Protein chains: 2
Amino acid sequence: MDEISATAHTRRFKKGERLYQPLDESDSLYIVHKGFVRIYRLTENGKEQLVRFLGPGDFTGEMALFRSSLHDSFAEATRDTAVCVITKDDLQPLLATYPAISLKILAEFSNRLEQSERQTTLVATEKVENRLAMFLVELLEEGSNIATLPMTKKDLASFLGTTPETISRKLGAMEDRGLIRHISNREIAIMDADELLLG
Amino acid sequence: MDEISATAHTRRFKKGERLYQPLDESDSLYIVHKGFVRIYRLTENGKEQLVRFLGPGDFTGEMALFRSSLHDSFAEATRDTAVCVITKDDLQPLLATYPAISLKILAEFSNRLEQSERQTTLVATEKVENRLAMFLVELLEEGSNIATLPMTKKDLASFLGTTPETISRKLGAMEDRGLIRHISNREIAIMDADELLLG
DNA sequence: CGCTAACTTGATTAAAATCAATGCAGGTGG
DNA sequence: CCACCTGCATTGATTTTAATCAAGTTAGCG
């Protein structure tokens, strides 16, 4: 594992800076160390869709490692962020030498894939209010009833496949029903998680 | 590679039979040899969502291999189908011995993940008519303008995150505009792919 | 040939997008 | 430190889109 640290190096990005963007060659794995990164695409008609949101420990760029290609999404730091970068050429030999690393990455892929398929299912079958409710409840930390949004509501809307207006209204409706309460822009108290999930 | 064949064995499923279902222990990789398999989930309110559709060469069950768990979806043969089955216990040693296999699987995962994220983006940002149009055009084989549906329209609706009624109507509208033509239940001639994709 | 599931068509309702305007907050530079 | 500016957020009115409900109709399979 020391060999990994040896071949990786740390890069820092200021808020708003991009790790990569479409058409950049994709040849490195990025592991977020500190800060947050949003991964998004533009659809043909110019709409932006948030695909993933990375916090410390999450990684991106892994597609690159197994089939040389170009990026088709943007990766943007949402605040000052530090990431570990490992290039494909440095990593491949390690994978061949230490199968355990491959297994680790496979497990992570497996998680991501499951996550992604779940997300598709949600967007395809649940109405906005339910998706939003689930998202909020998943944000809760053990023993707290305050959900802290990791991103702007605009991005949240994009992530959930809806619009900021609709998010605003749905949150309003939930608050009217006493299910949640706004603490601040990014903080929402969940008063009744069970009822929230039932719709 | 001979070792793989040695540890795998073939199982046959009749149309409608299940390879696995939720709560079954997930400990095998299934590679479709002949036939088709649909993978779907039930949402809380009993609605069914088609997650993937496998043809010859596709595989499922891989989640199982890296983190022991239970299935959370149904895998059902849509016609008489033959699959190769390899258990986790048989595969893991092979992975450790031959890193090339891991790399192969990683590459496949990578494809699937990309596919899945693209699917999420589509469902989240495009309206039904566009999703449907894209799906049809992707079905086209080189040099032909006939799209052959690999599944029922009911399943197609589920896959695209809509209802059979809406599929029916959208196809009707496309036909009225002269963009497509129904050949048979499962075959659709694409008269003007470009126009179709523009909406 | 008949049965069941898939498909289609129509009428209605519900959900959410869009358009439009304004309010608000956080960061910047004077 | 304050005022401004920009992008985010809210609110309302309207329109669009697709789901739902309700009957039929067709097609494939036993």
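Here is the naming used below: chain letters follow the sequence lines, and residue numbers restart at 1 for every chain. Worth saying up front: this structure is predicted, and the values here are computed from it rather than measured.
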Output the rounded distance in Å from [atom1] ([X]) to [atom2] ([N]).
X: L132(B); N: dT17(D); atom1: CG; atom2: C1'; value: 15 Å
X: E76(A); N: dG7(D); atom1: CD; atom2: P; value: 13 Å
X: E175(B); N: dC7(C); atom1: CD; atom2: C1'; value: 14 Å
X: E187(B); N: dC7(C); atom1: CD; atom2: P; value: 14 Å
X: I167(A); N: dA16(C); atom1: CD1; atom2: C1'; value: 11 Å
X: K170(A); N: dT10(D); atom1: NZ; atom2: P; value: 15 Å
X: H182(B); N: dT26(D); atom1: NE2; atom2: P; value: 14 Å
X: L156(B); N: dA18(D); atom1: CG; atom2: P; value: 14 Å

Problem set entry | Test: E76(B) and K15(B) ion pair at under 4.0 Å |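 No, no charged N to carboxylate O under 4.0 Å.
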
For this session: Answer yes or no: is there an ion pair linking R41(B) with D72(B), defined by an N-O contact shorter than 4.0 Å?
Result: yes

Classify the side chain of [X] versus the base of [N] as yes if they form a donor-acceptor pair under 3.5 Å and no if they do not.
X: E165(A); N: dC19(C); value: yes
X: R169(B); N: dT20(D); value: yes
X: R186(B); N: dG28(D); value: no

side-chain N/O [X] vs [N] OP1/OP2, d < 4.0 Å:
X: T163(A); N: dA17(C); result: yes
X: K153(B); N: dT8(C); result: yes
X: K127(B); N: dA16(C); result: no

For this session: Count the heavy atoms belonging to other residues, nucleotides or ligands that lie under 6.0 Å from CZ of R12(A), then report whether that count exceeds 12.
Result: no

Problem set entry | Exceeds 12 heavy-atom contacts within 6.0 angstrom, atom NE2 of H33(A) |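 Result for NE2/H33(A): open.
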
Choosing from [options], which nucleotide comes nearest the side chain of [X]?
X: S168(B); options: dA18(D), dT8(C), dC7(C); answer: dT8(C)
X: T152(B); options: dA6(C), dT20(D), dC29(D); answer: dA6(C)
X: K154(B); options: dA19(D), dC7(C), dT8(C); answer: dC7(C)

Problem set entry | Test applied, ring pair (Phe, Tyr, Trp, His ring centres under 6.0 Å); reference residue, Y30(B); option that passes from F13(B), Y20(B), F59(B) |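 Between Y30(B) and the candidates, ring pair (Phe, Tyr, Trp, His ring centres under 6.0 Å) is satisfied uniquely by Y20(B).
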
For this session: Could you pick out which residue, M151(A) or V128(B), lies toward the 5' side of DNA chain D when each is mapped onto its nearest nucleotide?
Result: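 Closer to the 5' end of DNA chain D: M151(A).
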
Exercise. Within the structure shown, what part of the strands sits under 4.0 Å from G16(A) by heavy-atom distance: base, sugar-phosphate, or nothing?
Worked result: nothing

